[in-house]
Amino acid sequence: MKFLLATATAALMALSIGSAFSADLAPLNSDTEQDRIDWSQLEAKFGAFPKLPDGTRAGAVSKTLTNEYWRSLGEGYKSFGDRVAVPVVYQAAQSEGDQLGQLTIAEGLVTQGYNVLLSPQTDSNLQPIMEQAKAANVPVVNVNDAVIPQAEHYVGNVQRDNGVRVARWFIKNRPDGGKVAIVEGQAGVYAAVQRTDGFKTTITEAGKFEVVASVPGNWDRQTSYDAATNILQQHPDLALGIVEAVKAAGLQDKVAVFGTDGISDAYASIRAGELTGTVDSFPVLTGEVALESALRLVAGQKLPRVVATPQALITKDNADRYSGAGDAVRKALLEDAAAGN
């Protein structure tokens, strides 16, 4: 049995049995969907990992492999695949903006008989796969980031909480308030919209902060650098988003800088005293949970529509706790889940 995991901004997974989506389902909002379970409760709720049909294979289509986040997601797929003896094929578009390339890869995998896991580059670029998968009776799991409204299953974190966590840091650590600017992700993509709204709403409600700029960075370091540089020129007393631009402006000691995804460069920059913090959504663990969820569906289990994965705000104070080997990080995150964090 074959199925496909397609990652865009996180991962796209398709499963092996059942209908890809139901006309009766409301459009998916992965942050607010009530039919959900936390990743830490999968075994408690559904039991030990089930026996799979003979010949089960997984295929994954990623957004790109030029970004460490997506490579780490693939590591998670392979890690869990090795654990349960399921081979994983992992493919990617040329860049995070290569929407047609990602669609072509996903179409090819469906045509070859893989069930599909979709994590699209945008909320709509893999929409044609939904129709193709439906015609082939292939269930689809949308994994983290961009959200396909018709997806029956989703694995990933609460994107809005990403921005809320950073805003709360400012409220706690900058009690006098001030000016803030945001370099967003890709305009119109669910994750970018939700993260930005979470930050703006929370920081504005505090009453002491002024959001003076909010511009797309398109998940691209150079684009984000240019955006942050322009913001610094217009507002030389602040910046939020790009360490290089802040350093170039000589404002390291005056500006707090936060990012997302928790890649190794971010941890190194935090330890060096450059980046203030990052929201880590733990892509290796996300890949493991996504593949586990997909395989449980293949085995016939009826999972909730959303399986929520963890994230944490990383600063110099807690970087060591979340940067160990896989089992150590999993243990820390299970402790967080038990504590309700």
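Because only heavy atoms are used, hydrogens play no part in the values below, and waters and symmetry mates are left out as well, while side chains stay in.
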Exercise: do Asp38 and Ser40 side chains pair donor with acceptor under 3.5 Å:
yes
Looking just at side-chain N and O atoms, do Ser323 and Arg271 make a donor-acceptor pair shorter than 3.5 Å?
yes
Within the side chain of Asp197, is there an N or O that forms a donor-acceptor pair under 3.5 Å with the backbone of Gln194?
no
Measuring centre to centre across the rings, with the benzene-like ring taken for any Trp, is Phe199 within less than 6.0 Å of Phe258?
no
Is it true that Ser269 and Glu274 share a donor-acceptor pair across their side chains at a distance under 3.5 Å?
yes
Other than Leu28, which residues form its hydrophobic cluster under the rule that side-chain heavy atoms must be closer than 4.5 Å?
Val147, Tyr154, Tyr190, Val306
Side-chain donor-acceptor pair present, Asp31, Gln159, cut-off under 3.5 Å:
no
Should the pair Glu335-Arg321 be classified as a salt bridge under the 4.0 Å nitrogen-to-oxygen rule?
yes
Please work out which of the three classes, parallel, tilted or perpendicular, describes the rings of Tyr322 and Phe282, given edges at 30° and 60°.
tilted
Compute whether any side-chain donor of one residue and acceptor of the other, for Gln102 and Asn125, lie under 3.5 angstrom apart.
yes
May I ask you to decide whether Arg71 forms a salt bridge with Glu75, counting only side-chain N to carboxylate O separations under 4.0 Å?
no
Lys/Arg N to Asp/Glu carboxylate O, Glu210 vs Lys179, below 4.0 Å:
no
Hey, are Ser264 and Glu68 close enough side-chain-wise for a donor-acceptor pair under 3.5 Å?
yes
